[in-house]
Amino acid sequence: MKILKILAVSAMALGMTSCVSKKQYDALSTNYKQCIENIGERQREIQDLKSQNSALTGENNLLKSQHDALKSSLDACLSNTGKSSANIDKLVGEINASNSYIKQLISSNAKNDSLNLALSNKLKRSLDNVSDEDVQVKVLKGVVMISLSDKMLYKTGDYNILPAAQEVLGKVAKVINDYDKYSVLIEGNTDNAPLNSVNLPRDNWDLSALRGTSVAKVLQTQFGVDPARITAGGRSEYNPKATNMSVSGRAENRRTEIIIMPKLDEFMKLMDIAPVKK
């Protein structure tokens, strides 16, 4: 509502340019543009939340189906007088364990999603002055993904980090260090244009892997990210985001992705509390 009021005032002011000074007009025009940008950012955050909600709804429905199946088994057992009370007790125990697991899983998912959203928003704010074409940040399936264009990071066919990329990597590293309980996966990706050389990089596999490790080394040596948290590698041309038939598609495929996610042991905790099937 506050944004709408500001937009309304700004619009009225823009329509009355003859009644205000150029300085006032410029200030109102700048305020109007800022409001439009803020609305766009809020809309992107809303889409992220809708995607998370859809994923959680699907998972919750699956768990409810499992619960209903167990309850049906119990009802069938109760209707069969030939079944022993021992079997009934076993089914009751399984249902109770399933209910407990569902509650803990939902609670854990909600906590992780909240942390991931906070992490994503912090990254977006810190990278606000960087071109959207060079850096993209989004939450997907419970992890935060940062996609960096190759033109910002490297020269064509090279894997050495450009000086201009240091500022962006420094901002990413600060957020990574703030969330020190998360693991960091760095993946280099290329288009399908062949790269044949007797020296490194010899092909797209080499190029993608060397680009991934180059980013990892910068985060470690220049910005203090714990290397024990980092996994780095390359996926060559085999993980495209767009078609390689166009110039723009190939440019989108040439990227390095930094994926920030809960450590593996956090997922193992969920496995430990799951009901044991016998």
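Numbers here simply count residues along the sequence, with the first being 1.
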To the nearest 0.5 Å, what is the distance between [atom1] ([X]) and [atom2] ([Y])?
X	Y	atom1	atom2	answer
N31	I36	CG	CD1	10.5 Å
L153	D158	CG	CG	11.5 Å
L185	I230	CG	CD1	10.5 Å
K138	I146	NZ	CD1	12.5 Å
Q47	Q43	CD	CD	8.0 Å
K241	R255	NZ	CZ	5.5 Å

Judged by atom type as modelled, is there a donor-acceptor pair below 3.5 Å linking the side chain of [X] to the main-chain atoms of [Y]?
X	Y	value
R250	N244	yes
N60	L56	no
N253	A242	yes
T190	S236	yes

For L162 and M152: C-alpha separation, side-chain torsions, deciding distance, then whether side chain to side chain contact (heavy atoms under 4.5 Å, CB included) applies. CA-CA 7 Å; L162 293 171; M152 182 189 71; over 6 Å; no
Side-chain heavy atoms under 4.5 angstrom apart, residues restricted to Ile, Leu, Val, Met, Phe, Trp, Tyr: same cluster for [X] and [Y]?
X	Y	value
V215	W205	no
V137	V184	yes
V144	L148	yes
Y159	V218	no
F223	I176	yes

What heavy-atom pair brings [X] and [Y] nearest, and what distance separates the two atoms?
X	Y	result
T156	R211	C-NH2, 4.5 Å
N177	G224	OD1-O, 3.7 Å
A232	G212	CB-O, 3.8 Å
P201	L210	CB-CD1, 4.1 Å
N192	N204	C-ND2, 4.1 Å

Any salt bridge (charged side-chain N to carboxylate O under 4.0 Å, His left out) involving residues 190-204? Give me the pairs, sequence neighbours left out, ordered by first then second residue.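 Qualifying pairs: D191-R254, R202-D206.
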Salt bridge (charged side-chain N to carboxylate O under 4.0 Å, His left out) pairs, two or more places apart, involving residues 223-239: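 Checked against salt bridge (charged side-chain N to carboxylate O under 4.0 Å, His left out) - neighbours excluded - the pairs reaching residues 223-239 are E187-R235.
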Stepwise, does the side chain to side chain contact (heavy atoms under 4.5 Å, CB included) test hold for I161 with L169? CA-CA 10 Å; I161 305 296; L169 291 179; 4.0 Å; yes
Show your reasoning for whether side chain to side chain donor-acceptor pair (under 3.5 Å) applies to Y154 and T256. CA-CA 10 Å; Y154 329 95; T256 297; 2.7 Å; yes
If you measure from the Lys or Arg side-chain nitrogens to the Asp or Glu carboxylate oxygens, is any gap between K64 and D68 under 4.0 Å?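 The answer is no: the pair does not qualify as a salt bridge.
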With distance as the sole criterion, is a donor-acceptor pair present between the side chains of N189 and S208 under 3.5 Å?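 Result is no, nothing qualifies.
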